[in-house]
Enquirer: 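Questions regarding the structure given below will be posed in turn.
It should be emphasised that the depicted structure is a prediction, and the values quoted were computed from it without experimental measurement. Lettering follows sequence order; numbering is per chain, from 1.
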There are 2 protein chains.
Amino acid sequence: MGTTKSDLFSKEQNDLAMMAKALAHPARIAILQYLVKTNACVCGDLVEELGLAQATTSQHLKELKTAGIIQGNIEGASVCYCINPKVWKQYKALFNAFFVDVDLKDKCC
Amino acid sequence: MGTTKSDLFSKEQNDLAMMAKALAHPARIAILQYLVKTNACVCGDLVEELGLAQATTSQHLKELKTAGIIQGNIEGASVCYCINPKVWKQYKALFNAFFVDVDLKDKCC
DNA sequence: TCCCATAATCGCAATATTACGATAAATATT
DNA sequence: AATATTTATCGTAATATTGCGATTATGGGA
């Protein structure tokens with residue numbers, strides 16, 4: 001136990017859940033917002049920006065990279081991170097599709 | 001350790017992360033999709049629908065209820081769950097606002 | 001070449017999540 | 001009243017996440 005039973009659910013459901021998981025930490029939200037704001041492909045000033053230790057920040061960056069939503073390019077000694085626009089749009093589209101339907105019917109139990 | 005350092009981040013960032021966390025499991029995605037589809041405020045057939053144990057299903061329902069995105073009304077011996085349309089729209093709006101900005105600038109590292 | 005800066009990874013501790021069986025509480029049915 | 005149905009909660013085990021110090025690996029100067 002402790003492991004999600006992914007086989008019970010559709011690929012779409014698992015994908016959406018994985019995307020949500022990538023966003024399910026304020027540090028990762030903050031990283032993405034910062035990257036959106038600066039565009040200019042930041043690197044290690046994220047450590048300062050967040051106030052978390054270097055190791056922790058690096059771990060969050062890795063998770064976002066694994067989720068595909070950001071990419072990193074080596075630039076000398078440092079690494080330049082930025083949003084992956086293609087995947088970003090996929091996230092946007094899928095969340096949008098997920099949240100669309102309910103608006104009409106307001107009656108509930 | 002093991003605990004998120006929420007005090008480092010803004011209320012907005014923590015809120016978004018909490019919303020994402022509520023969606024960060026395929027069973028909870030499946031529950032929400034089922035409630036959207038049936039509207040008709042389902043109850044315990046979710047256990048059948050999901051294929052998870054009753055205790056586990058109840059636990060996921062509780063998390064969604066705590067997040068505010070669903071509500072439950074007692075109906076005899078069973079409980080009728082449904083989407084909370086107001087909170088649902090808040091989720092939709094916040095995720096939409098989060099994902100909006102990047103579209104213009106496509107250049108990256 | 002010898003240091004310094006940057007960032008990834010390892011190892012560990014604390015806590016959270018996921019899942020389930022067993023039990024409890026509340027209502028329905030007989 | 002006795003029993004069955006439905007759902008919440010408790011307790012527990014397995015695994016995942018969060019966070020950090022220490023270490024490693026790489027590249028840029030001095």
Enquirer: Between D:dA8 and B:Tyr81, is there an OP1 or OP2 to side-chain N/O distance shorter than 4.0 Å?
Expert: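 For B:Tyr81, the contact criterion (side-chain N or O under 4.0 Å from OP1 or OP2 of D:dA8) is met.
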Enquirer: Contact class for B:Thr3 (heavy atom, under 4.0 Å): base, sugar-phosphate, or nothing?
Expert: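 Sugar-phosphate: the residue B:Thr3, judged by heavy atoms under 4.0 Å, touches backbone atoms but no base.
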Enquirer: Rounded to the Å, how far apart are B:Gln59 CD and C:dC20 C1'?
Expert: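 Whole-Å distance recorded here is 9 Å.
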Enquirer: Taking the side chain as everything from C-beta on, heavy atoms only, tell me whether B:Leu8 gets closer than 4.5 Å to A:Pro26.
Expert: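 They are not in side-chain contact.
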Enquirer: Side chains of B:Leu23 and B:Leu32: does their closest heavy-atom pair fall under 4.5 Å?
Expert: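 Touching, per the 4.5 Å side-chain cut-off.
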Enquirer: Are any of A:His60's side-chain N or O atoms less than 4.0 Å away from OP1 or OP2 of D:dT17?
Expert: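 No, A:His60 has no side-chain N/O under 4.0 Å of OP1/OP2 on D:dT17.
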Enquirer: Among the candidates D:dT18, C:dC20, D:dT9, find the nucleotide nearest to the side-chain atoms of B:Ala53.
Expert: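 Ranking D:dT18, C:dC20, D:dT9 by closest atom to the B:Ala53 side chain puts C:dC20 first.
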Enquirer: Which part of the nucleic acid does A:Leu61 contact within heavy-atom distance under 4.0 Å: base, sugar-phosphate only, or nothing?
Expert: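 Nothing: the residue A:Leu61, judged by heavy atoms under 4.0 Å, touches no strand.
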Enquirer: Starting at atom CZ of B:Arg28, determine the distance to atom P of C:dA19, rounded to an integer number of angstrom.
Expert: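 About 9 Å, once rounded to whole Å.
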Enquirer: Rounded to whole angstroms, how far apart are CG on B:Leu50 and P on C:dA19?
Expert: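 Between P of C:dA19 and CG of B:Leu50: 10 Å.
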Enquirer: Between A:Asn14 and A:Ser6, is there a donor-acceptor pair closer than 3.5 Å when you use the side chain of the first and the backbone of the second?
Expert: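 Looks like yes, one N/O pair under 3.5 Å.
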Enquirer: Which atoms of nucleotides 22-29 of chain C (N or O only) lie under 3.5 Å from a protein N or O atom, and what are those distances?
Expert:
none

Enquirer: Would you say a side-chain N or O of B:Thr56 is under 4.0 Å from OP1 or OP2 of C:dC20?
Expert: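 Result: yes.
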Enquirer: Applying side-chain hydrogen bond (donor to acceptor under 3.5 Å, both in side chains), name anything that partners B:Gln59, two or more places apart in sequence or on another chain.
Expert: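 Counting only residues at least two positions away or on another chain, B:Gln59 forms no side-chain hydrogen bond (donor to acceptor under 3.5 Å, both in side chains).
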Enquirer: Sort out for me which residue in A:Tyr91, A:Phe95, A:Trp88 forms a ring-ring contact (aromatic ring centres under 6.0 Å, His included) with B:Phe98.
Expert: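 One option only clears the test, and that one is A:Trp88.
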Enquirer: Look at the side chain of A:Thr66 and the backbone N and O of A:Lys62, then say whether any donor-acceptor pair between them is shorter than 3.5 Å.
Expert: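 Looks like yes, one N/O pair under 3.5 Å.
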Enquirer: What is the distance, to the nearest angstrom, from the CG atom on B:Asp45 to the P atom on D:dT6?
Expert: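 Taking CG of B:Asp45 and P of D:dT6, I get 10 Å after rounding.
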Enquirer: Could you pull out all residues at least two apart from B:Thr57 that satisfy side-chain contact (heavy atoms from CB on, under 4.5 Å)?
Expert: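 Partners of B:Thr57 under the side-chain contact (heavy atoms from CB on, under 4.5 Å) test: B:Leu46, B:Val47, B:Leu50, B:Leu52, B:Leu61.
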Enquirer: Rounded to the Å, how far apart are B:Leu52 CG and C:dT17 P?
Expert: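 After rounding, the gap between these two atoms is 17 Å.
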Enquirer: Considering only heavy atoms, which members of residues 4-22 of chain B lie under 4.0 Å from some atom of DNA chain D?
Expert: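 Going residue by residue through residues 4-22 of chain B, the ones with a heavy atom under 4.0 Å of DNA chain D turn out to be B:Thr4, B:Lys5.
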Enquirer: Just jot down the side-chain hydrogen bond (donor to acceptor under 3.5 Å, both in side chains) partners of A:Asp15, sequence neighbours excluded, or say none.
Expert: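 side-chain hydrogen bond (donor to acceptor under 3.5 Å, both in side chains) list for A:Asp15, sorted by chain: A:Lys11.
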Enquirer: Which residues satisfy the side-chain hydrogen bond (donor to acceptor under 3.5 Å, both in side chains) test with B:Gln33, sequence neighbours excluded?
Expert: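 Scan of B:Gln33 (side-chain hydrogen bond (donor to acceptor under 3.5 Å, both in side chains), adjacent residues dropped) gives A:Gln13.
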Enquirer: Rounded to whole Å, please give me the gap between CG in A:Leu23 and C1' in D:dT18.
Expert: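 Checked: the CG to C1' distance equals 17 Å.
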Enquirer: Heavy atoms only, 4.0 Å cut-off, all strands: where does B:Ser78 land among base, sugar-phosphate and nothing?
Expert: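 If one applies the 4.0 Å heavy-atom cut-off, B:Ser78 turns out to touch the sugar-phosphate alone, with no base involved.
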Enquirer: In whole angstrom, give the distance that lies between atom NZ of A:Lys62 and atom C1' of D:dG19.
Expert: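 Computing the A:Lys62:NZ to D:dG19:C1' distance gives 15 Å.
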Enquirer: Please report, rounded to the nearest Å, how far the C1' atom of C:dA5 is from the CD atom of A:Glu48.
Expert: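 About 13 Å, once rounded to whole Å.
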Enquirer: When B:Leu35 is tested against each of B:Val42, B:Leu64, B:Ile69 for side chain to side chain contact (heavy atoms under 4.5 Å, CB included), which residue passes?
Expert: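 Result: among B:Val42, B:Leu64, B:Ile69, B:Val42 is the only option passing the side chain to side chain contact (heavy atoms under 4.5 Å, CB included) with B:Leu35.
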